[in-house]
Amino acid sequence: MDQTRAPVLEALAEYSTLGRYGFTPPGHRQGAGADPRVRELLGGALAADVLATPGLDDRLSRGGYLHEAEELMADAVGADVAFFSTCGSSLSVKAAMLAVAGGVEGGLILGRDSHKSIVAGLVFSGVLPRWVAPRWDTQRHLSHPPSPEQVDRAWDEHPDAAGALIVSPSPYGTCADIAAIARVCHRRGKPLIVDEAWGAHLPFHPDLPTWAMDAGADICVVSVHKMGSGFEQGSVFHVQGDLVDTDRLKLCAELLTTTSPNVLLYAAIDGWRRQMVEQGGALLTEALRTAQRARTALGRIPGIVVMEDELLGVQASHDLDRMQVLMDVSATGATGYDVADWLREHRRIDVGHSDHRRILATLSTADTAETVGRLVDALVAWRAQYDGSGSRPGDIRVPVPRDLQLESVMNPRDAFFAPAEAVPFEKCVGRIAAEQVTPYPPGIPVIVPGELVDAAVVDYLRSGVDHGMNVPDPADPDLRTLRVVAR
C-alpha cells in the first residue's frame, strides 16, 4: 500500500478547501459559534472538528477514508486487520474481551496486574476471571508480568477458558515473554489478547521490545497517545490469525463505542502512522539515545537509582522499554509522591507515575537534550533542598505478596451490581468488595469487586492515602468507607 497517504488527514484538508458547511453537529460550526475566549485557545482544533458522517465522508461513507486509514495501519505493522478507536484502549480492551470470552462459561485467563479498564470489562461483560498472580519483587515492592509457566498452569486448571489476556509492557515499561505465552495458548487452540497500551511504538524499531503481533499475539491493543503522537483517547486494536472472529470483534466494539467519533483523533492516528513508516526508525533511534543519556545523568544524583538490571531476569521481566525511565528514590528517605509534588510545584514538571518509593519519567520522540536537562536539573535541585521532612517510604505499609492476593469469592459483575452498603473502611475486613480500589497511576486495582478484603490491604491503602496515594475510583476516594456486598 502507499504509505505516503494519510486518507483521513487528506479528507479533512479537502473539507476545508472546498468550504463545506454542515447543518449538523458539532454546533460550534468549526469554531464560528464558540466563545471567542475558547476560540482564541482552541481555534485550530475547533476548525478541524467535523462530523465523521455526513461531514468528513458522505452519509454512506462512500469515500472510505477511515477504512483506508485502518488498512494502511494494518499494512504498516503487519497485522491482518486494524480498528481505530476514539474511546481509548479502555474501550478497545473491553471489546477484545467481549469478542473472545463474552458468553463463554469458562471465563478468561488474566494477569492480576491488569489495568482497571479490564476489571471494568469483567463487570460489563460478566466474564469470569481466572487470575494469574504477577511475580513479586518483595525487596523493591514491584510486580512483574506473569511467566509462561504460570500461564501454562492456569490453562491446566481452567482448560475451558476462552482465551488469555496479558498486560505488556507494564506501566513501568517491563515486558512479558509474549512469544512463549502465545505458544502456550496456541497449543490449546486458544487466542492471546495483549493489552499493549504502552507499546504503540514497538513495531517501528528493532531495539525496542518485540511487538505483540510479531510475538504471535492474536489481538493487540495500543494507545497511540501514550508512546505515539496521537491525541488522548486515540487507540488501535490489531488482529491476526484465525482464532479471533474479526466480525464479532467489530460488533463488540460497536456496542461500546460512541456514535459521534472525534475526527481529530482519527486524523492524528492516521498522521502518526505515516510519520512512523517514513521517519520512525530515525526518530526512535534518537529517542533511545536521549533516554540513555537521561538514564546516565539521573543515575548520578545521590540516592536516586535508575532501575534497569533490577527489572530483568529469570524471576523478573522478560524485556524492558528503556524509554520508560523508572527511578527509585527511597534511598533519599522521600516518597515518590513527595518528589512528584515538589517537581510540579517548584519546577512545573509532571511525571507520569509516582508511588511510595518511585517516580517514572516517560520519554518520547518529542524529547530532546533540553527537556531531559530540565528534568535532571529539577531533580538535582530537589535533592539539594530535601531535608528529610515529609512522608517516608516506610510510612506506607506494603503487605507481603500473599496478603495482596485477595481471595475471589464472587463474580465481579455479580458483586458490583449486588445490593451494597458503605461501611467504615477499617471495618470492611472479611467483607466482599462491591467496588474496585485502584491507586492511580498505574491503575492496577488492589481490590476487585467480588474479592474478600483482608486487614493487610486495608492497612496498606489507609496508610497510602494518608501519605499521598491517589485512589480516585471508589465512591469515597478518601477511603473513609468502602462499598461492600450487603449481608
Side-chain angles (χ1 to χ4, degrees), residues 89 142 167-175 196-212 222-232 234-235 268-269 271-273 275-276 279-301 304-312 317-329 336 339-344 347-355 357-383 440-443:
S89 291
L142 186 79
V167 177
S168 179
S170 73
Y172 303 110
T174 56
C175 301
E196 202 169 55
W198 287 98
H201 59 317
L202 300 185
F204 300 105
H205 202 282
D207 293 337
L208 290 167
T210 303
W211 185 50
V222 302
S223 293
V224 176
H225 62 277
K226 283 186 167 71
M227 299 301 291
S229 296
F231 283 111
E232 288 290 320
S235 173
I269 295 170
W272 174 76
R273 180 269 313 156
Q275 180 190 32
M276 284 294 100
Q279 307 164 33
L283 289 171
L284 288 164
T285 293
E286 185 54 36
L288 287 164
R289 289 174 182 158
T290 300
Q292 187 54 52
R293 289 193 291 268
R295 288 173 167 274
T296 300
L298 291 164
R300 294 192 182 111
I301 302 172
I304 293 181
V305 176
V306 178
M307 301 183 73
E308 185 164 336
D309 293 343
E310 304 91 338
L311 299 174
L312 298 167
S317 293
H318 179 70
D319 206 346
L320 175 67
D321 179 3
R322 288 165 176 81
M323 289 172 64
Q324 299 277 28
V325 183
L326 184 64
M327 292 164 274
D328 191 324
V329 301
V339 178
D341 290 346
W342 190 93
L343 290 173
R344 178 175 173 85
R347 290 303 178 102
R348 298 183 296 281
I349 288 176
D350 291 312
V351 291
H353 169 78
S354 57
D355 62 22
R357 60 184 291 168
R358 283 171 287 266
I359 60 171
L360 175 72
T362 297
L363 303 188
S364 78
T365 56
D367 283 297
T368 63
E370 181 182 355
T371 63
V372 164
R374 183 178 174 189
L375 174 63
V376 173
D377 290 347
L379 281 167
V380 167
W382 168 78
R383 189 70 183 93
Y440 200 93

Quick check: closest heavy atoms across [X] and [Y], and the distance to 0.1 Å?
{"X": "L343", "Y": "V351", "value": "CD1-CG1, 4.1 Å"}
{"X": "A294", "Y": "V372", "value": "CB-CG1, 3.5 Å"}
{"X": "P171", "Y": "W198", "value": "CA-NE1, 3.8 Å"}
{"X": "A268", "Y": "F231", "value": "CB-CD1, 3.7 Å"}
{"X": "E196", "Y": "P169", "value": "CG-CD, 3.5 Å"}

[Y] and [X], any side-chain heavy atoms less than 4.5 Å apart:
{"X": "S317", "Y": "C175", "answer": "no"}
{"X": "L375", "Y": "R347", "answer": "no"}
{"X": "L283", "Y": "Q275", "answer": "yes"}
{"X": "I349", "Y": "L379", "answer": "no"}
{"X": "L284", "Y": "T365", "answer": "yes"}
{"X": "M227", "Y": "D321", "answer": "yes"}

Qualifying residues under side-chain contact (heavy atoms from CB on, under 4.5 Å), relative to H353, sequence neighbours excluded: Y172, D355, L360, P441, P442
Intermediate values then yes/no, side-chain contact (heavy atoms from CB on, under 4.5 Å), L288 and M323: CA-CA 6 Å; L288 287 164; M323 289 172 64; 3.8 Å; yes
For the pair [X] (side chain) and [Y] (backbone), establish whether a donor and an acceptor sit closer than 3.5 Å, ignoring hydrogens and angles.
{"X": "R295", "Y": "M307", "answer": "yes"}
{"X": "E310", "Y": "E308", "answer": "yes"}
{"X": "S235", "Y": "V222", "answer": "yes"}
{"X": "D377", "Y": "R374", "answer": "no"}

Derivation and outcome, side chain to side chain donor-acceptor pair (under 3.5 Å), residues R293 and T296: CA-CA 5 Å; R293 289 193 291 268; T296 300; over 6 Å; no
Gap separating the [atom1] atom of [X] from the [atom2] atom of [Y], nearest 0.5 angstrom:
{"X": "W272", "Y": "H225", "atom1": "CH2", "atom2": "NE2", "result": "12.0 Å"}
{"X": "R383", "Y": "W342", "atom1": "CZ", "atom2": "CH2", "result": "12.0 Å"}
{"X": "D319", "Y": "L208", "atom1": "CG", "atom2": "CG", "result": "9.0 Å"}
{"X": "K226", "Y": "S89", "atom1": "NZ", "atom2": "OG", "result": "6.0 Å"}
{"X": "T362", "Y": "L326", "atom1": "OG1", "atom2": "CG", "result": "9.5 Å"}

S354 and its side chain to side chain contact (heavy atoms under 4.5 Å, CB included) partner, picked from V339, I359, D341: I359
Step-by-step side-chain contact (heavy atoms from CB on, under 4.5 Å) determination, I301 to M327: CA-CA 11 Å; I301 302 172; M327 292 164 274; over 6 Å; no
